[in-house]
Amino acid sequence: MTNSSGDAGYTDFTSNVVNVTAGGSTNFTLTPGFASSTYNEYWAIYADLNQDSDFDDAGEQLYSGASSSSVSGNISIPSSVVAQT
Ligand SMILES: [Ca+2]
Ligand SMILES: [Ca+2]
């Protein structure tokens with residue numbers, strides 16, 4: 001999944017779906033774009049692991065960080081997650 005947020009500030013990509021596997025992991029890369037000078041961007045990745053329509057539950061923030069350049073990492077999906085039917 002590759003998304004560009006454009007120049008509008010925050011962009012909501014929650015309608016985009018990517019399939020993951022319980023007990024599996026997936027790599028990600030987050031790349032900021034700047035019109036002129038660079039500055040820190042604040043990143044977060046969430047998953048609604050218990051499928052109750054929010055991201056407030058323990059462990060649902062899979063990644064957070066700040067950088068002015070690309071960041072890559074790996075997020076793990078707990079094996080206890082039940083597949084969406
Ligand atoms: Ca939740
Ligand atoms: Ca909840």
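Order of appearance sets the numbers: ligands from 1, and atoms from 1 within every ligand. Quick caveat, the model's predicted, so the values are computed rather than measured. Quick note: residue numbers are just sequence positions, from 1.
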(message) Please check this pair: side chain of D48 against backbone of S53, looking for a donor-acceptor N/O pair closer than 3.5 Å.
(response) yes

(message) Once rounded to the nearest 0.5 Å, what's the spacing between atom OG of S69 and atom CG of N40?
(response) 9.0 Å

(request) Could you grab the protein N, O or S atoms closer than 3.0 Å to the Ca ion (ligand 2) for me? (result) D52 OD2, D54 OD1, D54 OD2, D57 OD1, D57 OD2

No-hydrogen, no-angle side-chain donor-acceptor test under 3.5 Å, [X] and [Y]:
X	Y	value
T31	S70	yes
Q61	Y46	yes
S64	W43	no

(request) Using a 4.5 Å cut-off on heavy atoms from C-beta on, say whether the side chain of L49 contacts that of D57. (result) no

(request) Report the name of the N/O/S atom of D48 located nearest to the Ca ion (ligand 1). (result) OD1

